[in-house]
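Heads up: the structure comes next, in C-alpha cells.
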Amino acid sequence: MTRATPSGTATIKVGDDSNSSEILVFTSLSNVYKVQKKEVLEKVQALQKIDLEPGERPVYLTGEKRYKGFLVVAFENGKIGKISMESYQTEYARKKLRNAFNGESRLIFIELIERDIDLVALSSIKKVVLFNTSLINAVESRTTKGVQVMKPKAGSVMVKVNRMENTKLADPEYYRKSDSLNAIGFYLKPEDEV
C-alpha cells in the first residue's frame, strides 16, 4: 500500500504495524528512523517525529513485528537482499540507524515479510522473472549487496518488483525461475501486467 505523505509531495509505501512497539521509517539515504508507537496515534504521524537530512525522503514505513521476519530489498542492478530483522534491533532506544540497506544501487522495492513469498521482477526490456524469496539466503548484514536475481542484458536494469498476488499474470508459472536465480527472464506477454 502506498500513501501520500502529509505534505502531499511524495508517496511512501506503508506496511503493517500490528504487534509492534516501534514504527520504522526507511529513507532514500539508506537510514532507518525508529519512533515509539505510543508517541503517535497513526503510523504516518511518525514522519513528524523524525528529523530528515537535506534531500532525504521516507520510502517505507512499517512496524518492527518484534524484530521477526526479513526485510526484502531490491535494487535497480538486479540484486535482491533478504535481511534478518534482528539486525535492526538495538539494545538502547536509538532513534536513527545509518546503513539500513545497501545504497550502491537505486532501491526499487522494500518490504518486511514474515515468511517467504513469491515475487515478480520486471526489467526495462520487459523481461520477467517469478521466484520465491526462499531462494535468497537471509543475512544479518544490513548492507548486503544482495543476490543477482535478474541478469542485465543489453544495458537493461530491473525497474519493478511486486508481490505475485499484486500482479496480473494469466499463467504465472510461465515466468517462474525455480532452480536458480541470475536469470534474464521471459518476455512479458501482452495480456500480463506486473
Side-chain angles (χ1 to χ4, degrees), residues 1-77 79-117 119-121 133 136 138-147 158-166:
M1 169 187 199
T2 55
R3 183 180 291 183
T5 59
S7 64
T9 57
T11 57
I12 181 171
K13 187 173 183 180
V14 178
D16 184 20
D17 70 339
S18 55
N19 301 322
S20 299
S21 59
E22 292 180 325
I23 303 294
L24 303 178
V25 181
F26 292 86
T27 73
S28 58
L29 296 183
S30 305
N31 293 322
V32 61
Y33 294 85
K34 297 180 175 187
V35 177
Q36 297 302 308
K37 197 171 174 183
K38 62 187 176 199
E39 295 177 21
V40 296
L41 296 174
E42 268 191 44
K43 62 184 150 201
V44 291
Q45 290 177 324
L47 299 175
Q48 299 163 352
K49 300 278 185 184
I50 60 176
D51 293 321
L52 296 172
E53 296 176 22
E56 185 175 27
R57 60 181 178 74
V59 293
Y60 183 55
L61 185 146
T62 188
E64 97 293 329
K65 298 281 195 181
R66 304 286 185 245
Y67 293 100
K68 301 289 183 217
F70 311 97
L71 185 73
V72 176
V73 288
F75 305 101
E76 190 176 61
N77 64 6
K79 294 184 178 183
I80 298 182
K82 188 165 81 172
I83 305 166
S84 171
M85 283 301 292
E86 292 172 353
S87 66
Y88 295 100
Q89 193 167 13
T90 53
E91 192 172 326
Y92 304 103
R94 294 176 61 189
K95 293 191 184 290
K96 178 180 179 179
L97 288 176
R98 293 189 177 280
N99 301 315
F101 55 87
N102 192 295
E104 292 176 26
S105 182
R106 190 172 74 83
L107 180 75
I108 60 167
F109 177 88
I110 182 171
E111 190 166 315
L112 170 61
I113 62 171
E114 294 182 64
R115 64 191 69 77
D116 286 311
I117 59 172
L119 290 176
V120 180
T133 56
I136 301 171
V139 296
E140 295 291 323
S141 172
R142 296 190 310 254
T143 57
T144 179
K145 292 181 181 187
V147 173
M158 194 162 64
V159 294
K160 191 174 191 182
V161 173
N162 213 341
R163 283 177 170 255
M164 195 198 42
E165 63 266 23
N166 296 336

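Owing to the predicted nature of the structure, the values given are computational and were not obtained by experimental measurement. Heads up: numbering here begins at 1 and tracks the sequence.
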In the structure I gave you, are the side-chain heavy atoms of F26 and L71 within less than 4.5 Å of one another anywhere? yes
Locate the shortest heavy-atom distance separating G63 from L112; write the atom from each residue and the value. O-CD2, 3.3 Å
Check side chain to side chain contact (heavy atoms under 4.5 Å, CB included) between R98 and all other residues, then give those that pass, not counting sequence neighbours. N31, E53, K96
Chi angles and distances behind the side-chain contact (heavy atoms from CB on, under 4.5 Å) call for F70, I83: CA-CA 5 Å; F70 311 97; I83 305 166; over 6 Å; no
Is it true that a side-chain atom of T144 and a backbone atom of S141 form a donor plus acceptor pair closer than 3.5 Å? no
Calculate, to the nearest 0.5 Å, the distance between atoms CZ and CG belonging to F109 and L119 respectively. 5.0 Å
Begin with the C-alpha distance, continue with both residues' side-chain angles, and end with the deciding distance and a verdict on side-chain contact (heavy atoms from CB on, under 4.5 Å) for R142 and V32. CA-CA 11 Å; R142 296 190 310 254; V32 61; 6.0 Å; no
For K37, is the NZ atom crowded, meaning more than 12 foreign heavy atoms sit under 6.0 Å from it? yes
Which one of K49, Q45, Q48 satisfies the side chain to side chain contact (heavy atoms under 4.5 Å, CB included) criterion with E39? K49
Can you list the steps and then say if V72 with I136 is a side-chain contact (heavy atoms from CB on, under 4.5 Å)? CA-CA 10 Å; V72 176; I136 301 171; 5.9 Å; no
4.5 Å side-chain heavy-atom contact, E140 and E86: yes
Heavy atoms only: give me the nearest K13-I110 pair and the separation to one decimal. NZ-O, 3.1 Å
Start with the C-alpha gap between Y88 and E22, add the side-chain angles, then the distance that decides, and say whether side-chain hydrogen bond (donor to acceptor under 3.5 Å, both in side chains) holds. CA-CA 11 Å; Y88 295 100; E22 292 180 325; over 6 Å; no
Side chain to side chain contact (heavy atoms under 4.5 Å, CB included) with E165: which residues, sequence neighbours excluded? R163
Would you say the side-chain atoms of R57 pair up with the backbone N or O of S28, donor to acceptor, closer than 3.5 Å? no
From K95 NZ over to Y33 OH, what is the distance, rounded to the nearest 0.5 angstrom? 12.5 Å
Can you confirm if the aromatic rings of F101 and Y60 lie within a centre distance of less than 6.0 Å? no
Tell me whether S105 contacts the main-chain N or O of N77 through its side chain, where contact means a donor paired with an acceptor under 3.5 Å. yes
salt_bridge(E64, R66) N-O dist < 4.0 Å: yes
Rounded to the nearest 0.5 angstrom, the CE-CD1 distance for M164 and I117 is 10.0 Å
Where do L47 and V25 come nearest, in terms of heavy atoms and distance? CD2-CG1, 3.8 Å
Worked check of side-chain contact (heavy atoms from CB on, under 4.5 Å) between I108 and V161: CA-CA 7 Å; I108 60 167; V161 173; 4.0 Å; yes
About how many Å separate CD of E56 and OG of S30, when rounded to the nearest 0.5 Å? 9.0 Å
Is the shortest heavy-atom distance from the side chain of Y67 to the side chain of L24 under 4.5 Å? yes
For V40 versus A46, what's the shortest heavy-atom pair and its separation? CG1-N, 3.8 Å
Rounded distance (nearest 0.5 Å) linking atom CZ of R115 with atom OG1 of T133: 11.0 Å
Roughly how far, to the nearest 0.5 Å, is CG of L61 from OG1 of T27? 11.5 Å
Find out whether V73 and N102 are in side-chain contact, i.e. whether some heavy atom of one side chain is under 4.5 Å from a heavy atom of the other. no
Near D51 CG, under 6.0 Å, is it more than 12 heavy atoms from other residues, nucleotides or ligands? no
Please report the closest heavy-atom contact between D116 and I113, naming both atoms and the distance. CA-CD1, 4.3 Å
P58 to I12 - nearest heavy-atom pair and separation: CB-CD1, 3.4 Å
